Amino acid sequence: MKRRFLAAILLVLAAGGAASFAAAQEKVLRIVPHSNLAILDPIWTTAYMSRNHGYMIYDTLFGTDEKNQIKPQMVETWTESPDHRLWTFKLRKGLEFHDGKPVTGEDVIASLARWGKRDAMGSALFTFVDRMDAPTPESFRIFLREACSFTLEALGKPSSNVPFIMPKRVADTPADKQIEDYTGSGPYVFKKDEFKPGDKAVYVRFAKYVPRKEPPSGTTGGKRVYVDRVEWNLALRDAQAQLNALQKGEVDVVEQIGFEQYEAAKKDPNIQLPPIDQVGFQYMARFNHLNKPFDNVKVREAVLAAFSQEPFLKAQVGVKELYHTCPSMFTCGTPYGSAAGSDIQSKSNMKKAQELLKASGYDGTPIVLMKPTDLAAIQKLPDVAAQLMRQAGFKVDLQAMDWQTLVGRRAKKDPIDKGGWHMFLTAWQAHDIWNPIANAAMDTRGEASGWFGWAKDDKIVQLRGQFMRETDEAKKKKLAEAIQTRAFEIGTHVPLGEYRVPTAARKNITGWFVTNGNLYWNLKKN
């Protein structure tokens with residue numbers, strides 16, 4: 001009797017094994033991110049993969065909601081002195097790091113100090129900061145030398161570099177050195193033992209994380225986790241293969257569907273294109289101002305005149321409903337978006353570019369243009385840039401590499417014969433560039449600047465300083481126009497138009513919310 005009973009149980013278990021395995025798999029969210037993950041320090045680089053990794057494992061003091069309002073996140077309450085120079089913050093109860101230790105004001109101070117050495121907005125804020133302290137373990141204070149208009153905006157900035165909160169021992173890592181300890185404060189724990197660059201990254205739910213009670217919005221609200229594990233497939237880089245895997249149910253989310261695959265994904269009854277990003281991206285070409293010939297403003301002007309936006313957008317995006325030209329260096333449709341000073345690009349042509357280059361004294365130096373091979377959203381831009389520059393009269397050395405290699409190389413100030421570079425092309429989310437403080441390309445302190453390219457211009461530094469202090473919105477708009485006009489005059493960089501890149505997911509993934517990028521809390525796998 002016992003044998004028959006045990007045999008029956010075994011038969012039932014065998015028959016249900018596949019179903020049990022499938023049920024277990026339902027708690028694993030399988031994602032194809034937009035690129036490889038190589039740099040695990042989200043403060044050291046502006047790369048969006050590193051930022052997204054940061055949001056998985058760290059929390060923030062404040063965030064920005066879908067209406068671009070700053071809301072508290074790790075902070076419970078705060079006060080501002082009547083003269084706007086002393087800010088006092090109290091942390092929420094129950095905040096823990098992944099090692100079980102409580103989050104304290106000392107951790108916050110160390111995290112902000114390191115962030116302020118790397119980020120454009122952070123470094124701007126710290127020009128006002130006199131000192132910080134933590135009067136109690138649950139609080140911290142920021143003392144300003146003078147009032148500034150963007151304290152909370154800086155602490156709640158939603159995109160790179162984000163002021164993530166790390167343990168003090170980690171945040172004490174010098175700003176020019178990458179961290180090696182990934183103990184976080186956020187909703188997921190990074191599985192360092194399972195991390196394989198170019199293959200996979202794994203995150204598991206942090207059971208002790210205490211989410212806020214508000215619904216998620218932007219980078220604010222409750223970061224509730226409904227899956228046990230998130231796996232990033234870093235090996236699947238071909239856009240068609242990504243769509244095929246999504247259609248077969250082998251993956252649950254493709255972070256950025258290829259533009260060529262957009263129509264097929266839109267028509268598939270098992271796939272959704274959740275409207276999570278309402279602000280989009282702007283393409284940008286960035287000069288290395290340290291290396292000849294781009295130390296010469298006249299040469300940079302020739303590139304500005306040659307780079308009409310439509311060829312870049314048409315070649316790279318192709319789907320008309322997903323892109324538009326934009327004469328502004330700040331996001332079009334936002335308070336500081338304007339055409340001020342843009343005539344050299346928006347009203348120019350190739351003949352003008354050729355004339356400017358000839359007048360510049362360009363000596364035929366080959367331009368080292370870095371081209372990423374594994375980032376579908378931008379990998380065609382360098383080919384267009386090379387073609388237009390050659391038509392203008394430049395010699396171009398187009399060098400192919402994967403995106404993470406490019407990210408590492410662009411941080412180097414080496415001369416060309418030592419492995420240096422002249423130009424790269426990239427994309428910025430709207431939140432990162434829509435005002436003169438956040439826009440890293442507008443930090444013109446030369447080699448003291450935190451962002452690659454190291455443009456130097458004292459006039460923009462002065463105008464940005466005025467913008468930081470100004471509280472009247474009409475005056476801030478005028479200052480933003482003056483900054484942009486000057487940026488076009490000296491050629492800090494070249495704006496190349498704006499676009500949206502849809503996320504694609506299986507229809508059984510629910511819980512999407514409007515945000516600034518790819519955030520993986522609140523999602524359920526049904």
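The shown structure was predicted, so the numbers you read here are calculated from the model rather than taken from an experiment.
- Residue Trp428 holds its CH2 atom at 14.5 Å from CH2 of Trp434, rounded to the nearest 0.5 Å.
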Checklist entry - Can you list the steps and then say if Gln247 with Gln261 is a side-chain contact (heavy atoms from CB on, under 4.5 Å)? => result CA-CA 12 Å; Gln247 291 174 324; Gln261 286 71 41; over 6 Å; no
Next on the checklist: Apply side-chain contact (heavy atoms from CB on, under 4.5 Å) to residues Val501 and Phe259 and explain how you reach the verdict.
Outcome noted: CA-CA 8 Å; Val501 55; Phe259 295 117; 4.2 Å; yes
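- The distance from atom CG of Leu388 to atom CG of Asp383, rounded to the nearest 0.5 Å, is 11.0 Å.
- Here the straight-line distance linking atom CD1 of Ile31 with atom CG of Leu523 works out to 7.5 Å at 0.5 Å rounding.
- A 4.5 Å side-chain heavy-atom check between Lys456 and Thr444 finds every atom pair outside the cut-off.
- Using a 4.5 Å heavy-atom threshold, the side chains of Glu489 and Arg486 count as touching.
- Salt-bridge formation is not detected for the pair Asp402/Arg237: no Lys NZ or Arg NE/NH1/NH2 atom is positioned less than 4.0 Å from an Asp or Glu carboxylate oxygen.
- In this pair, Tyr203 and Tyr188 present their aromatic rings perpendicular. The plane angle is above 60°, beyond the 30 to 60° band.
- Side-chain contact between His34 and Asn52 is present, with heavy atoms from C-beta onward closer than 4.5 Å.
- In this structure, CD1 in Ile433 is found 6.0 Å from CD in Glu498, a value given to the nearest 0.5 Å.
- Side-chain contact between Phe488 and Met329: present, with at least one pair of heavy atoms (C-beta onward) separated by less than 4.5 Å.
- Residues Thr219 and Gln73 come closest through the heavy atom pair O-OE1, 3.8 Å.
- A distance of 9.5 Å separates CD1 of Ile367 from CZ of Phe287, quoted to the nearest 0.5 Å.
- The two residues Gly222 and Pro216 make their nearest non-hydrogen contact at O-CB, 3.8 Å.
- Here the side chain of Asp343 pairs no donor or acceptor atom with the backbone of Lys347 at under 3.5 angstrom.
- Classification of the Trp421-Trp454 ring pair by plane angle, with boundaries at 30° and 60°, yields tilted.
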For residues 310-321, which side-chain donor-acceptor pairs fall under 3.5 Å, sequence neighbours excluded?
{"from": "Glu310", "atom 1": "OE2", "to": "Tyr323", "atom 2": "OH", "distance (Å)": "3.0"}
{"from": "Gln316", "atom 1": "OE1", "to": "Gln379", "atom 2": "N", "distance (Å)": "3.3"}
{"from": "Gln316", "atom 1": "OE1", "to": "Lys380", "atom 2": "N", "distance (Å)": "2.7"}
{"from": "Gln316", "atom 1": "OE1", "to": "Leu381", "atom 2": "N", "distance (Å)": "3.3"}
{"from": "Gln316", "atom 1": "NE2", "to": "Ala376", "atom 2": "O", "distance (Å)": "2.8"}
{"from": "Gln316", "atom 1": "NE2", "to": "Ala377", "atom 2": "O", "distance (Å)": "3.4"}
{"from": "Glu321", "atom 1": "OE1", "to": "Tyr262", "atom 2": "OH", "distance (Å)": "3.0"}

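- Counting only heavy atoms from C-beta outward, the side chains of Arg500 and Leu322 approach each other to under 4.5 Å.
- Counted within 6.0 Å of NZ on Lys413, heavy atoms from surrounding residues, nucleotides or ligands total more than 12; the atom is thus considered enclosed.
- Of all heavy-atom pairs between Leu375 and Pro372, the closest is CB-CB, 4.5 Å.
- Counting only distance, with no hydrogens or angles, the side chain of Gln309 and the backbone of Cys326 share a donor-acceptor pair below 3.5 Å.
- The backbone N or O of Glu194 sits nowhere less than 3.5 Å from a side-chain atom of Lys200 that would complete a donor-acceptor pair.
- Contact detail for Gln242 and Leu236: the closest heavy-atom pair is NE2-O, 2.8 Å.
- Although no hydrogens or angles enter the test, the distance criterion places no donor-acceptor pair under 3.5 Å between the side chain of Arg51 and the main chain of Val162.
- Considering Tyr209, Phe164, Phe206, Trp115 in turn, Phe164 is the only one that fulfils the ring pair (Phe, Tyr, Trp, His ring centres under 6.0 Å) rule with Tyr58.
- Taken from CD in Gln404 to CG in Leu406, the straight-line distance is 9.5 Å, to the nearest 0.5 Å.
- Scanning all heavy atoms of the two residues, the minimum distance from Ala264 to Leu243 falls at CB-CD2, 3.9 Å.
- Proximity of a side-chain donor or acceptor of Tyr48 to a complementary backbone N or O of Gln429 within less than 3.5 Å is detected.
- Under the 4.5 Å side-chain criterion, counting only non-hydrogen atoms from C-beta, Glu153 is in contact with Met121.
- Distance alone, capped at 3.5 Å, is enough to place a donor-acceptor pair between the Gln282 side chain and the Ser328 backbone.
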Next on the checklist: Run the side chain to side chain donor-acceptor pair (under 3.5 Å) test on Ser360 and Asn296 for me, step by step, so that the C-alpha distance in whole Å, both residues' side-chain angles and the decisive distance to 0.1 Å come before the verdict.
Outcome noted: CA-CA 8 Å; Ser360 73; Asn296 182 346; 5.0 Å; no
Next on the checklist: Please evaluate residues Ile179 and Leu40 with respect to the criterion side-chain contact (heavy atoms from CB on, under 4.5 Å), reporting the C-alpha separation (whole Å), side-chain torsions for both, the decisive distance (0.1 Å), and the verdict.
Outcome noted: CA-CA 8 Å; Ile179 62 172; Leu40 300 175; over 6 Å; no
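- Residues Arg506 and Asp268 form no side-chain contact, since every pair of their non-hydrogen atoms from C-beta on lies 4.5 Å or further apart.
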Quiz: residues 349-357 side-chain donor-acceptor pairs under 3.5 angstrom, not counting sequence neighbours:
{"from": "Asn349", "atom 1": "OD1", "to": "Lys351", "atom 2": "N", "distance (Å)": "3.1"}
{"from": "Asn349", "atom 1": "OD1", "to": "Lys352", "atom 2": "N", "distance (Å)": "2.8"}
{"from": "Gln354", "atom 1": "NE2", "to": "Gln391", "atom 2": "O", "distance (Å)": "2.8"}

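- Under the 3.5 Å distance criterion, the side-chain polar atoms of Gln272 are matched with a main-chain donor or acceptor of Ile509.
- At least one donor-acceptor pair under 3.5 Å links the side chain of Gln484 to the backbone N or O of Ser338.
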Item to check | Audit row: Phe467, Tyr336, ring pair (Phe, Tyr, Trp, His ring centres under 6.0 Å) steps and yes/no | outcome: CA-CA 12 Å; Phe467 185 93; Tyr336 306 115; 5.3 Å; yes
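- Judged as a ring pair (Phe, Tyr, Trp, His ring centres under 6.0 Å), and not counting sequence neighbours, His324 has no contacts.
- The backbone N or O of Trp44 sits nowhere less than 3.5 Å from a side-chain atom of Asn161 that would complete a donor-acceptor pair.
- Nearest heavy atom pair, residue Leu369 against residue Ala385, reads CD2-CB, 4.0 Å.
- Heavy atoms from other residues, nucleotides or ligands lying under 6.0 Å from NZ of Lys395 number 12 at most.
- Listed for the His422 side chain is no donor-acceptor partner under 3.5 Å among the backbone atoms of Asn291.
- Side chains of Thr503 and Asp277: no donor on one and acceptor on the other come within 3.5 Å.
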Next on the checklist: side-chain contact (heavy atoms from CB on, under 4.5 Å) for Phe424 and Arg409? Distances and angles first, verdict last.
Outcome noted: CA-CA 10 Å; Phe424 69 93; Arg409 186 172 172 183; over 6 Å; no
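- Under the 30°/60° scheme for interplanar angles, the aromatic rings of Phe294 and Phe394 are found to be tilted.
- Between Phe62 and Thr220 the shortest side-chain heavy-atom distance does not fall below 4.5 Å.
- Side-chain contact, Arg286 with Thr426: no donor N or O sits under 3.5 Å from an acceptor N or O.
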